[in-house]
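In what follows, chains are A, B, ... by sequence order, proteins preceding strands, each numbered from 1.
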There are 2 protein chains.
Amino acid sequence: MKEEQSSTQENNDLARKLAHSGMRMTSQREHVYRTLLNQTDHPTADDVYLRAKADMPEISIATVYNTLDALVKCGLIKQVNVERTATRYCSNMKEHCHFFCGECGNIHDVDYKKGRDELPVKIPRNLIPTQVDISIRGHCINPLSCPNRSKN
Amino acid sequence: MKEEQSSTQENNDLARKLAHSGMRMTSQREHVYRTLLNQTDHPTADDVYLRAKADMPEISIATVYNTLDALVKCGLIKQVNVERTATRYCSNMKEHCHFFCGECGNIHDVDYKKGRDELPVKIPRNLIPTQVDISIRGHCINPLSCPNRSKN
DNA sequence: AATTGTATTTAGAATCATTCTAAGTATTGA
DNA sequence: TCAATACTTAGAATGATTCTAAATACAATT
Ligand SMILES: [Mn+2]
Ligand SMILES: [Mn+2]
Ligand SMILES: [Zn+2]
Ligand SMILES: [Zn+2]
């Protein structure tokens with residue numbers, strides 16, 4: 001029932017934000033969104049497609065791409081580009097940054113420090129920043145979280 | 001002659017670093033490297049190809065891609081991925097980060113503050129970072145540096 | 001309810017950046 | 001000079017994403 005409750009809460013969120021951007025609430029959009037919320041990882045469009053298809057076999061990859069775009073525009077998910085392979089998607093909307101493990105390919109969320117507000121960069125006055133992304137690459141040291149931890 | 005001097009200096013650098021990675025110094029590699037050093041912007045592989053072709057009409061796009069890879073491996077240039085369009089290349093090897101203007105598409109180098117060494121993130125102990133990238137997006141306010149500054 | 005206009009979904013084609021392949025050319029070092 | 005290896009090249013192949021055009025669903029009028 002906690003499930004059910006959060007479910008309707010998130011649906012309201014979705015419906016409201018879609019409407020705000022002049023879009024309709026559809027079963028596909030709801031299902032793709034729900035698929036993303038169920039994952040703490042950072043799936044590619046194709047990952048989302050495969051997962052979504054399990055419960056909605058008729059859904060198309062085009063719709064998944066369209067929906068992911070829509071969700072990004074609505075501010076319900078974020079795109080993550082650590083590698084220059086397929087774009088990955090993040091449904092954690094708390095401010096955070098990303099750690100990419102070059103060995104297992106996993107992306108981990110990394111929180112900001114409490115006190116932080118000052119960025120360590122000096123942006124010239126003629127450049128107006130709207131968004132700052134910090135991405136970290138490295139590797140996991142835990143064989144459980146990192147399958148490919150044999151080599152090294 | 002200042003030109004010539006720095007020219008040979010950079011060639012030595014190139015030859016030495018290529019050799020260190022077991023690669024030969026070739027006219028194409030020298031030319032591509034020189035093309036990159038001449039630019040303060042962040043060209044795509046195709047940009048580099050077009051510029052390089054002006055002085056070396058026989059060069060192929062495949063060689064440009066191969067050379068850019070080689071230069072990255074040698075630590076002479078860096079790849080920059082702000083957008084998920086074509087990879088761009090940076091020949092400024094001083095530690096810095098990137099500002100991407102969503103209006104003109106230009107990428108500007110942004111320096112770190114002097115005192116900085118502390119990153120504003122708390123990386124879990126099971127993740128070992130090897131590289132941190134900060135990328136900023138926003139827009140230029142100078143119509144000279146930003147051609148598309150009419151709209152807004 | 002039937003009609004109309006618009007949004008959405010879909011499969012497949014098209015595009016773009018990049019990598020791969022296979023053949024030709026250059027360089028090195030016995 | 002010869003053979004081994006590295007390099008360059010054009011074009012084919014790939015992978016991710018976007019585009020296109022037709023079918024379907026939906027909402028607002030009649
Ligand atoms: Mn995330
Ligand atoms: Mn740069
Ligand atoms: Zn890992
Ligand atoms: Zn600009």
Whole angstrom value for the distance that separates [atom2] of [N] from [atom1] of [X]:
{"X": "A:N81", "N": "D:dA16", "atom1": "CG", "atom2": "P", "result": "13 Å"}
{"X": "B:D47", "N": "C:dA17", "atom1": "CG", "atom2": "C1'", "result": "13 Å"}
{"X": "A:Y49", "N": "D:dT17", "atom1": "OH", "atom2": "P", "result": "15 Å"}
{"X": "B:E83", "N": "D:dT18", "atom1": "CD", "atom2": "P", "result": "11 Å"}

Residue list, side chain to side chain donor-acceptor pair (under 3.5 Å) with A:H98, at least two apart or on another chain: A:H42, A:H96, A:D109
By nearest atom, which of the nucleotides [options] is closest to the [X] side chain?
{"X": "B:Q28", "options": "D:dT9, C:dT10, C:dT6", "result": "D:dT9"}
{"X": "A:T26", "options": "C:dT9, C:dT6, C:dT18", "result": "C:dT9"}
{"X": "A:R84", "options": "D:dA10, C:dT6, C:dA17", "result": "C:dA17"}
{"X": "B:A45", "options": "C:dT8, C:dT18, C:dA26", "result": "C:dT18"}
{"X": "A:R24", "options": "D:dA6, D:dC26, D:dT9", "result": "D:dC26"}
{"X": "A:A62", "options": "C:dT9, D:dT18, C:dT10", "result": "C:dT10"}

Heavy atoms under 4.0 Å, any strand shown: does [X] hit a base, just sugar-phosphate, or nothing?
{"X": "A:T63", "value": "base"}
{"X": "A:N66", "value": "base"}
{"X": "B:I61", "value": "nothing"}
{"X": "B:T87", "value": "sugar-phosphate"}

- request: Let me see the working for A:K113 and B:V121 under side-chain contact (heavy atoms from CB on, under 4.5 Å), right down to the final yes or no.
  value: CA-CA 5 Å; A:K113 279 181 187 157; B:V121 293; 5.9 Å; no
task: With B:L14 as reference, evaluate B:L71, B:L37, B:V32 under the side-chain contact (heavy atoms from CB on, under 4.5 Å) test and give the passing residue.
output: B:L71
- request: Identify whether the distance between the nearest side-chain nitrogen and carboxylate oxygen of B:R34 and B:E10 falls below 4.0 Å.
  value: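 Looking at B:R34 and B:E10, the cut-off is met.
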